[in-house]
Undergrad: 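Can you keep this structure in mind? I'll have questions shortly.
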2 protein chains.
Amino acid sequence: MGRGRVQLKRIENKINRQVTFSKRRSGLLKKANEISVLCDAEVGLIVFSTKGKLFEYATDSCMERVLERYERYSYAERQLVPTDPTSPGSWTLEHAKLKARLEVLQRNQKHYMGEDLDSLSMKELHNVEHQLDSALKHIRSRKNQLMHESISVLQKKVKEREKELAQQNQWDQQNHEINSSSFVLQQQLDSPHLGEAYQSAGVDNGEVEGANSQQQPTSTGMPQWMLRHLNG
Amino acid sequence: MGRGRVQLKRIENKINRQVTFSKRRSGLLKKANEISVLCDAEVGLIVFSTKGKLFEYATDSCMERVLERYERYSYAERQLVPTDPTSPGSWTLEHAKLKARLEVLQRNQKHYMGEDLDSLSMKELHNVEHQLDSALKHIRSRKNQLMHESISVLQKKVKEREKELAQQNQWDQQNHEINSSSFVLQQQLDSPHLGEAYQSAGVDNGEVEGANSQQQPTSTGMPQWMLRHLNG
DNA sequence: ACCTCTATATATAAATA
DNA sequence: TTATTTATATATAGAGG
């Protein structure tokens, strides 16, 4: 892409290689983000430059999560490190126990993530479903709580501001100035509809855009300023 | 790129999303390979589709090496698990890694069970909610599938029984005996309304894409006799 | 799901600042 | 190094098999 074709082989000129690396790296990260957002895919991208510098992209900025999932995915195939029988002692035992627990946890987690369901009976499916349903309720409740707390904080701030402005108005009274904007804001925050909006936003689609893509509009139904306030 | 511009947001049409995913995925893998070769970089790329299928690229086809390097790199910064200096060697490191992963998994699992939510930010809550919602859809879909299979089996059995009874009726014809109970049962299973009930009970067939979460009641709408049959 | 065929949108090599 | 410009090479959206 560009003025000249490029052979698919190492660029020998060091300067060109560095420049190309810089350009293509940003292009690659961009595309990784795009496919993640556009296609609802989970992506992890790791790039080490020749000199060993690290660049990375991960859906939701959480490489940990991607790698965990990757390891879980290829766990079954890889036979997880055939334990070395030569190294003796309780260390090996400890280690084996740990691995066993890890495996159990991972299997469970798979189920909680809706994967690997074929091995479950109908009854087990029922159990998991109930568990997840209950968890979802807790989570939505917690979200609601957070949102209400945020609203309280905001309201307090607005009232303080209201007070300040009132004082200022007093001072400016002789000039017959009227500050109407603060009144509008207060009304918005007092409106019961606002609270309802948050409630439905929480229940509705749990979609959250990738942390890396700040440009796009949110699909949560929440206004940007609210998300920004809440995300902290 | 292409005939129309594309907003950087999730493609809602699921067909288009899938097609775009396929195209962009190959493009992304290609570019990952190109930068790796051209610029002598070490690259690891992991992509999970919405449905959980894994695609990957790694320099020299060795994701293991890339991930190890990555962990080493970010270990230094993150000070994860201060290595015990008394017992040296890779064993300790391996062990520490295992423990760290176990801890992470346990923490995650708690979250997936709706516990220990206070430590989560709003964004993280959103993510967990989305994940659980998606998992629930998979589980309900799987349940549905099981139910349909069971129904097929039952129908087959009933038809066999029907045949047997028909023969018996032939033999008993001279006595003018009529077996009415089998007729009733056959009617129940043939009723189209029954099938519809199962369809609406779970997620409709394999579709898991729709992100919107209906906090539908956990109850499946299945009659007890069906459950009893399926639970085995 | 995957391929083909365009018209366009993007990415980027090379030159330049 | 990093940014801007420009000419081309690629990638890919949309439509149809």
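Throughout, protein chains are lettered first and strands after them, A, B, ... in sequence-line order, and every chain is numbered starting at 1. Because the structure is a prediction, the values reported are computed rather than measured.
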Undergrad: Can you tell me if A:Q131 and A:S134 form a side-chain donor-acceptor pair at under 3.5 Å?
TA: no
Undergrad: Among side-chain atoms of B:E56 and A:Y70, is any donor-acceptor pair under 3.5 angstrom?
TA: yes
Undergrad: Between B:Q7 (CD) and D:dG14 (C1'), how many Å, whole number?
TA: 17 Å
Undergrad: Per the end-axis method with five pairs at each terminus, what is the bend angle of the helix from C:dC2-D:dG17 to C:dA17-D:dT2, to 10°?
TA: 40°
Undergrad: Return the value, rounded to whole Å, for the distance between atom CD of A:E12 and atom P of C:dA13.
TA: 16 Å
Undergrad: So which heavy atom on B:A135 is nearest to which on A:G114, and how close?
TA: CB-N, 3.4 Å
Undergrad: Within this structure, what is the CG-to-C1' distance between A:L38 and D:dA13, rounded to whole angstrom?
TA: 11 Å
Undergrad: Tell me, please, which residues at least two apart from B:K31 pass side-chain contact (heavy atoms from CB on, under 4.5 Å).
TA: A:M1, A:R24, A:L28, A:K31, B:E34
Undergrad: Search all heavy atoms of B:L117 against all heavy atoms of B:H111 and return the closest pair with its distance.
TA: CD2-O, 4.1 Å
Undergrad: For residues 6-17 of chain A, please give each side-chain donor-acceptor pair under 3.5 Å, one per line with the distance, not counting sequence neighbours.
TA:
| residue | atom | partner | partner atom | Å |
| --- | --- | --- | --- | --- |
| A:R10 | NH1 | B:D40 | OD2 | 2.9 |
| A:N13 | OD1 | A:I15 | N | 2.8 |
| A:N13 | OD1 | A:N16 | N | 2.9 |
| A:R17 | NE | A:I11 | O | 2.7 |

Undergrad: Which whole-number value in Å describes the distance from B:I15 CD1 to D:dG17 P?
TA: 17 Å
Undergrad: Please name all residues satisfying side-chain contact (heavy atoms from CB on, under 4.5 Å) with A:A41, sequence neighbours left out, ordered by chain then number.
TA: A:V43, B:F21, B:V47
Undergrad: For each nucleotide in nucleotides 5-12 of chain C, reading 5' to 3', give B when a protein heavy atom comes within less than 4.0 Å of its base, S when such contact involves only the sugar-phosphate, and - otherwise.
TA: -BBBBSBB
Undergrad: What residues, two or more places apart in sequence or in another chain, satisfy side-chain contact (heavy atoms from CB on, under 4.5 Å) together with B:E42?
TA: A:F48, B:T59, B:R65, B:V66, B:R69
